[in-house]
Amino acid sequence: MNFMCSRDGTYWELTTPKSIRAFQIQHIESFLKQDFSAYHCQCFNSLRKLGVADTHQIEGDALLSEKDARSTMYALCRFGFAQMQSIPRSSADKMINPKSIFAFRYDEEAAIEGYRFIIGEHARRYLSKISELHKEYEQNEQMEAGNMTAAKANEKKEKHLYYFNASYSKALSAFILFAEM
């Protein structure tokens, strides 16, 4: 699809792969904001913009302190949203008293794969919780029909099952979206 830009009359193109990729990046950004902090999202977006950067560049671009930028970037590396490489400052530093500069690289495919892994783990945890709740629900069902405690327990289990099934469905649909592209 082609859409006209209202400011200068030029056209920009919207394709399905580009829109899915934008949707995937939006999912990653919302995950970082919700599960971690806005710092993580700022550093992620700064690294996306720069491509390859050291801590000082990310610190300046994301408007964070060096300590916050460093710890945030290490967390992003741990989850697979960025790659880190240690670069010695000089050839003499390799052998004696190594002082290094840490450079971070953004790889969109690796970031999407990292998020896919996280979503897959969430879906697996939901599925195991659902199976545990089904077992407990079946055990309570075998209790006496007139037992009020069993009826209340079953009602509570049904609510939990509904919540976990809905959450599992959402996590699985996000996982499929990330697995298909």
Closest non-hydrogen atoms of Thr55 and Glu66, given as atom of the first, atom of the second and distance, are CG2-O, 4.0 Å

Excluding Tyr39, membership of its hydrophobic cluster (Ile, Leu, Val, Met, Phe, Trp, Tyr; side-chain heavy atoms within less than 4.5 Å) reads Leu64

Can you tell whether the side chains of Glu29 and Arg48 come within less than 4.0 Å, N to carboxylate O? yes

Exercise for review: Ignoring hydrogens and angles, state whether a donor on the side chain of Ser30 or His27 is under 3.5 Å from an acceptor on the partner side chain.
Suggested key: no

Give the C-alpha distance, both sets of side-chain angles, the deciding distance and a yes or no for side chain to side chain contact (heavy atoms under 4.5 Å, CB included) between Phe104 and Asp54. CA-CA 6 Å; Phe104 300 96; Asp54 67 352; 5.8 Å; no

* Test log, rule side chain to side chain contact (heavy atoms under 4.5 Å, CB included), inputs Tyr106 and Phe44 -> CA-CA 8 Å; Tyr106 174 70; Phe44 178 73; 3.6 Å; yes

### Message
Assess whether a salt bridge exists between Glu109 and Arg21, defined as any Lys/Arg side-chain N lying under 4.0 Å from an Asp/Glu carboxylate O.
### Response
yes

Taken to the nearest 0.5 Å, the spacing of Tyr115 OH from Ile28 CD1 works out to 7.5 Å

Taken to the nearest 0.5 Å, the spacing of Asn45 CG from Ile58 CD1 works out to 11.5 Å

Here the gap from Ile25 atom CD1 to Glu108 atom CD, rounded to the nearest 0.5 Å, amounts to 4.5 Å

Tracing side-chain contacts under 4.5 Å among Ile, Leu, Val, Met, Phe, Trp and Tyr outward from Leu63 reaches none

* Flag the pair Arg124 and Glu121 as a salt bridge only when some basic side-chain nitrogen lies within less than 4.0 angstrom of an acidic carboxylate oxygen. => yes

Report task. Would you confirm whether the ring centroid of Phe36 sits within less than 6.0 angstrom of the ring centroid of Phe31? Result -> yes

Separation between CG (Leu47) and SG (Cys77), nearest 0.5 Å, reads 8.0 Å

| request: Evaluate the criterion side chain to side chain contact (heavy atoms under 4.5 Å, CB included) for residue pair Ile112 and Arg116; output intermediate values, then yes/no. | output: CA-CA 6 Å; Ile112 289 172; Arg116 183 180 324 163; 3.8 Å; yes

To the nearest 0.5 Å, atom CG of Leu76 lies from atom NE2 of His40 at 5.5 Å

So CZ of Phe81 and SG of Cys41: to nearest 0.5 Å the spacing works out to 10.5 Å

- Item | Salt-bridge present (Arg70, Glu59; N to O < 4.0 Å) | no

Item to complete: Dump the intermediate steps for side chain to side chain contact (heavy atoms under 4.5 Å, CB included) on Arg105 and Gln85, then the final yes or no.
Response: CA-CA 8 Å; Arg105 184 175 64 87; Gln85 182 178 2; over 6 Å; no

Exercise. Would you indicate whether the side-chain heavy atoms of Gln24 and Ile20 approach each other to under 4.5 Å?
Key: yes

Is the distance from the ring center of Phe117 to that of Phe79 below 6.0 Å? no

Hydrophobic clusters here meaning ILVMFWY residues chained together by side-chain heavy-atom distances under 4.5 Å, can you tell me if Val52 and Leu50 are in one? no

